[in-house]
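This is a predicted model, so every value here is computed, not measured. Labels below follow one simple rule: chain letters A, B, ... track the order of the sequence lines, proteins then strands, and each chain is numbered from 1. Both backbone and side-chain heavy atoms feed into the values below; hydrogens, waters and symmetry mates do not.
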2 protein chains.
Amino acid sequence: MRPKPEYSPDVSELAQIAKAMSHPVRIYILKKLSQMQSCCYSGDLVLEVPVGRSALSQHLKELKFAGLIQGEIEPPYIKYCINRDNWNKAQKAFENLFDAPVTDLNAISCCSI
Amino acid sequence: MRPKPEYSPDVSELAQIAKAMSHPVRIYILKKLSQMQSCCYSGDLVLEVPVGRSALSQHLKELKFAGLIQGEIEPPYIKYCINRDNWNKAQKAFENLFDAPVTDLNAISCCSI
DNA sequence: TTTGTATTTCGCAAAATAACGAAATGTTTT
DNA sequence: AAAACATTTCGTTATTTTGCGAAATACAAA
């Protein structure tokens, strides 16, 4: 049996966020919502995106599940907004990946050159 | 037939990058490689990750296809490194999403409150 | 040339994702 | 209460993803 290392929490978390962002419809939604002070209705979104209402609903559900957006009932509509707290956390998670300081310490044990 | 809007290139691009990053093994690899000046062997990586060699190879292939890493033959090994050019582009793409200025212009036509 | 080492590709099975239309839910208006 | 509207859930189908072990490939050493 292979050792089976586990993923560290930050690795899993970032992968999960990336997964939520891994579809053009969902990126479109995030882009749109993040650029607006206020929020957006599913019925408006469906006109701008090449999927039907039920598929759009699924995408919204996924984004909600990932914590990146939140929906509030505003009869007779449902209003979707960026979840700013988690949005900022997601931003930091990516920054942490991309801005990580380059260290050569591990290179000794694992790398060539 | 519904109008079928297309995705703008930047939306598709970002979704594709996110997709390449949507698995913990691939995040692990990117994290590791990005923190090292030099590179890493598949054979070293396989010890740190809970998948077999063939699955790891697939993940590396996906990251390579997405342009985030590159492999160079260094007999008898293959050495993987971050593709710094595309890595920086990916970083900018995320920054562009997360740092987008909030504008209320569209809000008038699409939003409540 | 044969053997050994490192890695990838192939063939397959299981699971997850994506999309659709129909039906269901919940709310408001008539 | 019934009709209308916005949205979600359900049931289904097609496609993609993930992972494995076995086989193939590529190269170096013996």
* Structure fact -> Separation of dT7(C) atom C1' from Y41(B) atom OH, nearest Å, is 13 Å

* To do: May I have the distance from I69(B) (atom CD1) to dT8(C) (atom P), rounded to whole angstrom?
  => 9 Å

* **Rounded distance (Å) that lies between atom C1' of dT7(D) and atom CD of E72(A)** => 16 Å

Output a table of nitrogen or oxygen pairs between the protein and nucleotides 10-13 of chain C separated by less than 3.5 Å.
none

* To do: Could you grab the distance from atom OH of Y77(B) to atom OH of Y41(B), nearest 0.5 Å is fine?
  => 7.0 Å

* Which is it for L97(A) and W87(B) under the side-chain contact (heavy atoms from CB on, under 4.5 Å) test, yes or no, and what are the steps along the way? -> CA-CA 11 Å; L97(A) 175 66; W87(B) 186 248; 3.8 Å; yes

* **For DNA chain D, the residues among residues 9-28 of chain B that have a non-hydrogen atom under 4.0 Å from it** => K19(B), H23(B), R26(B)

* Asked: Given dT8(D), dT18(D), dT8(C), which nucleotide is nearest the side-chain atoms of E62(B)?
  -> dT18(D)

* Write down the distance between CZ (R53(A)) and C1' (dA22(C)), rounded to a whole number of angstrom. => 15 Å

* Asked: How do Y77(A) and A55(A) order along DNA chain D: which one's closest nucleotide is nearer the 5' end?
  -> Y77(A)

* Asked: Has Y80(A) got a side-chain N or O lying under 4.0 Å from the OP1 or OP2 atom of dT8(D)?
  -> yes

* Nearest of dT7(C), dT8(D), dG19(D) to any side-chain atom of I78(A)? -> dT8(D)

What donor-acceptor contacts under 3.5 angstrom involve side-chain atoms of residues 55-71 of chain A, with partners at least two apart or in another chain?
unit_1: H59(A); atom_1: ND1; unit_2: R26(A); atom_2: NH1; d: 3.0
unit_1: E62(A); atom_1: OE2; unit_2: R26(A); atom_2: NH1; d: 3.1
unit_1: Q70(A); atom_1: OE1; unit_2: N83(A); atom_2: ND2; d: 3.3

* To do: State the OH-OG distance between Y80(B) and S42(B), to the nearest 0.5 angstrom.
  => 6.0 Å

* Salt bridge K89(B)-E13(B), side-chain N to carboxylate O under 4.0 Å -> no

* Residue list, salt bridge (Lys or Arg N to Asp or Glu O under 4.0 Å) with K31(B), at least two apart or on another chain -> D10(A)

* Asked: What is the ring orientation for Y7(B) with H23(A), classed by angle as parallel under 30°, tilted 30 to 60°, or perpendicular over 60°?
  -> perpendicular

* To do: Measure the OG-CD1 distance between S22(A) and I17(B) for me, rounded to the nearest 0.5 Å.
  => 12.5 Å

Nucleotide N/O of nucleotides 23-29 of chain D paired with protein N/O under 3.5 Å:
none

* For E95(B), check side chain to side chain contact (heavy atoms under 4.5 Å, CB included) against everything at least two apart and list the hits. => Q91(B), K92(B), D99(B)

* Go through dT7(C), dT7(D), dT8(D) for me and flag the one nearest to the S42(B) side chain. => dT7(C)

